[in-house]
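What follows is a short report on a single structure.
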Amino acid sequence: MSSLLWASPDCKHFSKAKGGKPVSKRVRGLAWVVVKWAKLVRPRIICLENVEEFQTWGPLLPDGTINPKAKGLMFRAYVGWLRRRGYAVEWRELRACDYGAPTIRKRLFLVARCDGQPIVWPAPT
(Lines give C-alpha, C1' and ligand atoms only; values in the text may rest on other atoms or scores of the structure.)
Protein backbone atom coordinates (compact mmCIF):
# COMPACT_ATOMS: atom_id res chain seq x y z
CA MET A 1 0.00 0.00 0.00
CA SER A 2 1.34 3.38 -1.02
CA SER A 3 1.36 6.26 1.44
CA LEU A 4 0.11 9.39 -0.33
CA LEU A 5 -1.45 10.49 -3.59
CA TRP A 6 -1.65 14.26 -4.14
CA ALA A 7 -3.77 15.38 -7.08
CA SER A 8 -4.59 18.76 -8.57
CA PRO A 9 -6.59 17.90 -11.70
CA ASP A 10 -7.01 20.61 -14.33
CA CYS A 11 -9.61 23.04 -13.04
CA LYS A 12 -10.10 25.44 -15.93
CA HIS A 13 -13.39 23.79 -16.87
CA PHE A 14 -14.81 24.28 -13.38
CA SER A 15 -13.51 27.71 -12.41
CA LYS A 16 -15.71 30.80 -12.49
CA ALA A 17 -12.52 32.73 -13.29
CA LYS A 18 -12.38 31.00 -16.68
CA GLY A 19 -15.39 32.99 -17.81
CA GLY A 20 -16.50 30.45 -20.41
CA LYS A 21 -18.37 27.23 -20.53
CA PRO A 22 -16.73 23.81 -20.15
CA VAL A 23 -15.59 22.54 -23.52
CA SER A 24 -13.72 19.28 -23.02
CA LYS A 25 -15.23 16.24 -21.34
CA ARG A 26 -11.79 14.64 -21.42
CA VAL A 27 -10.23 17.47 -19.39
CA ARG A 28 -13.22 17.62 -17.04
CA GLY A 29 -12.79 13.90 -16.42
CA LEU A 30 -9.15 14.08 -15.31
CA ALA A 31 -10.23 13.76 -11.68
CA TRP A 32 -11.29 10.17 -12.45
CA VAL A 33 -7.58 9.39 -12.89
CA VAL A 34 -7.35 9.74 -9.10
CA VAL A 35 -10.00 7.02 -8.77
CA LYS A 36 -8.03 4.83 -11.17
CA TRP A 37 -4.90 5.25 -9.04
CA ALA A 38 -6.88 4.58 -5.88
CA LYS A 39 -8.10 1.34 -7.41
CA LEU A 40 -4.68 0.23 -8.70
CA VAL A 41 -2.40 1.40 -5.88
CA ARG A 42 -4.74 2.05 -2.92
CA PRO A 43 -2.83 4.87 -1.27
CA ARG A 44 -3.51 5.31 2.43
CA ILE A 45 -4.14 9.03 1.95
CA ILE A 46 -5.45 10.93 -1.06
CA CYS A 47 -5.34 14.73 -1.16
CA LEU A 48 -7.07 16.57 -3.96
CA GLU A 49 -6.90 20.33 -4.48
CA ASN A 50 -9.12 22.22 -6.90
CA VAL A 51 -11.35 25.25 -7.31
CA GLU A 52 -14.44 25.45 -5.09
CA GLU A 53 -16.69 24.98 -8.14
CA PHE A 54 -15.39 21.40 -8.42
CA GLN A 55 -18.22 20.54 -6.01
CA THR A 56 -20.71 21.44 -8.77
CA TRP A 57 -19.20 18.88 -11.19
CA GLY A 58 -22.06 17.38 -13.12
CA PRO A 59 -23.17 16.37 -16.60
CA LEU A 60 -23.30 18.98 -19.32
CA LEU A 61 -26.20 20.08 -21.48
CA PRO A 62 -25.82 19.95 -25.29
CA ASP A 63 -24.74 23.62 -25.29
CA GLY A 64 -21.81 22.75 -22.99
CA THR A 65 -23.16 24.32 -19.80
CA ILE A 66 -23.68 22.39 -16.57
CA ASN A 67 -27.13 20.84 -16.25
CA PRO A 68 -28.61 22.74 -13.27
CA LYS A 69 -30.82 19.75 -12.39
CA ALA A 70 -27.75 17.54 -12.00
CA LYS A 71 -25.36 20.05 -10.43
CA GLY A 72 -22.87 18.21 -8.21
CA LEU A 73 -23.92 14.75 -9.44
CA MET A 74 -20.45 13.75 -10.62
CA PHE A 75 -18.82 15.14 -7.47
CA ARG A 76 -21.17 13.09 -5.26
CA ALA A 77 -20.48 9.99 -7.41
CA TYR A 78 -16.75 10.61 -7.04
CA VAL A 79 -16.98 10.85 -3.24
CA GLY A 80 -19.30 7.83 -3.17
CA TRP A 81 -16.86 5.73 -5.17
CA LEU A 82 -14.10 6.47 -2.66
CA ARG A 83 -16.36 5.76 0.32
CA ARG A 84 -17.56 2.45 -1.11
CA ARG A 85 -13.92 1.36 -1.31
CA GLY A 86 -13.29 2.03 2.36
CA TYR A 87 -12.08 5.63 2.29
CA ALA A 88 -13.25 8.17 4.84
CA VAL A 89 -13.72 11.37 2.81
CA GLU A 90 -13.92 15.00 3.90
CA TRP A 91 -13.58 18.27 2.02
CA ARG A 92 -13.31 21.92 2.90
CA GLU A 93 -12.98 25.25 1.20
CA LEU A 94 -9.88 27.00 2.56
CA ARG A 95 -8.26 30.37 1.83
CA ALA A 96 -4.51 30.21 1.35
CA CYS A 97 -3.99 33.53 3.18
CA ASP A 98 -5.21 31.85 6.36
CA TYR A 99 -2.25 29.46 6.11
CA GLY A 100 0.60 31.82 5.26
CA ALA A 101 0.35 32.11 1.46
CA PRO A 102 0.10 35.58 -0.10
CA THR A 103 -3.27 35.09 -1.85
CA ILE A 104 -6.92 35.31 -0.82
CA ARG A 105 -7.99 32.67 -3.33
CA LYS A 106 -10.38 30.08 -1.95
CA ARG A 107 -9.62 26.47 -2.91
CA LEU A 108 -11.32 23.15 -2.34
CA PHE A 109 -9.31 20.49 -0.53
CA LEU A 110 -10.54 16.90 -0.37
CA VAL A 111 -8.85 14.32 1.84
CA ALA A 112 -9.59 10.60 1.74
CA ARG A 113 -8.05 8.02 4.09
CA CYS A 114 -8.34 4.25 4.21
CA ASP A 115 -5.97 3.55 7.11
CA GLY A 116 -8.44 4.09 9.96
CA GLN A 117 -6.69 7.26 11.12
CA PRO A 118 -8.68 10.50 11.50
CA ILE A 119 -8.55 13.24 8.90
CA VAL A 120 -6.92 16.20 10.64
CA TRP A 121 -7.21 19.66 9.15
CA PRO A 122 -4.57 22.31 9.84
CA ALA A 123 -5.38 25.22 12.10
CA PRO A 124 -5.19 28.62 10.43
CA THR A 125 -1.89 30.38 11.06
Side-chain angles (χ1 to χ4, degrees):
M1 184 182 301
S2 177
S3 295
L4 173 68
L5 170 62
W6 182 277
S8 297
D10 191 307
C11 61
K12 68 183 173 207
H13 293 292
F14 297 103
S15 175
K16 63 185 170 215
K18 179 180 175 258
K21 63 184 180 184
V23 294
S24 171
K25 286 184 181 180
R26 200 170 73 201
V27 172
R28 291 183 83 237
L30 283 174
W32 288 111
V33 173
V34 175
V35 167
K36 182 178 180 179
W37 276 96
K39 186 177 179 181
L40 293 172
V41 180
R42 192 163 172 78
R44 289 185 305 114
I45 303 167
I46 298 171
C47 296
L48 182 137
E49 172 269 335
N50 214 297
V51 293
E52 61 192 287
E53 294 86 7
F54 186 72
Q55 297 168 90
T56 68
W57 182 18
L60 302 178
L61 295 171
D63 69 355
T65 59
I66 295 175
N67 182 342
K69 293 179 181 177
K71 202 174 196 179
L73 183 70
M74 299 301 286
F75 179 76
R76 290 189 301 276
Y78 188 83
V79 170
W81 189 97
L82 290 167
R83 286 182 172 153
R84 284 189 304 279
R85 273 122 190 117
Y87 283 91
V89 183
E90 294 181 16
W91 60 93
R92 292 187 181 176
E93 294 176 16
L94 303 174
R95 290 191 185 275
C97 61
D98 294 335
Y99 300 90
T103 179
I104 62 169
R105 186 177 294 171
K106 190 188 303 181
R107 303 293 283 183
L108 173 73
F109 290 89
L110 180 145
V111 177
R113 293 190 78 141
C114 68
D115 60 0
Q117 297 297 311
I119 294 171
V120 179
W121 295 93
T125 56

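What you see is a predicted model, and the numbers here were worked out from it, not measured in a lab.
No side-chain donor-acceptor contact under 3.5 Å links R105 to the backbone of A96.
In this structure, Y78 and F54 have perpendicular ring planes: the angle between them is above 60°, well past the 30° mark.
Residues W6 and C47 come closest through the heavy atom pair CE3-CB, 3.0 Å. For G100 against T125, the heavy-atom pair with the smallest separation is N-OG1, 3.5 Å. V89 and L82 make their closest contact through CG2-CB, 3.8 Å (heavy atoms, listed as atom of the first residue, atom of the second, distance). What you find for S8 and E49 is that their closest heavy atoms are OG-OE1, 2.8 Å. The shortest non-hydrogen separation linking R83 to W91 is NH2-CZ3, 3.8 Å. Nearest heavy atoms, F75 versus Q55: CB-O, 3.6 Å.
Note: M74 CE to N67 CG = 12.0 Å, rounded to the nearest 0.5 Å. Atom NZ of K71 sits about 11.0 Å away from atom CZ of R76, to the nearest 0.5 Å.
Hydrophobic clustering (ILVMFWY, side-chain heavy atoms < 4.5 Å, transitive): V35 and V111 are in distinct clusters. Linking Ile, Leu, Val, Met, Phe, Trp and Tyr residues whenever their side-chain heavy atoms come within less than 4.5 Å places V79 and W32 in a single cluster. L110 is not connected to W121 by any chain of hydrophobic side-chain contacts under 4.5 Å among Ile, Leu, Val, Met, Phe, Trp and Tyr, and they are in different clusters. I46 and L40 fall within the same hydrophobic cluster, defined by Ile, Leu, Val, Met, Phe, Trp and Tyr side-chain heavy atoms under 4.5 Å apart, directly or through other members. Linking Ile, Leu, Val, Met, Phe, Trp and Tyr whenever their side-chain heavy atoms come within less than 4.5 Å leaves L94 and L108 in two separate clusters.
Other residues, nucleotides and ligands contribute at most 12 non-hydrogen atoms within 6.0 Å of the CD1 atom of I104. For W37, the CH2 atom sits in a loose shell: 12 or fewer heavy atoms of surrounding residues, nucleotides or ligands are nearer than 6.0 Å.
The side-chain heavy atoms of V41 and L5, taken from C-beta on, include no pair separated by under 4.5 Å. Put simply, the side chain of R92 does not reach to within 4.5 Å of the side chain of F109, judged on heavy atoms. Within the 4.5 Å cutoff, the side chain of V51 has heavy atoms near those of the R107 side chain.
In this structure, R42 is positioned above the aromatic face of Y87, its NZ or CZ under 6.0 Å from the six-membered ring centre and within 45° of the axis.
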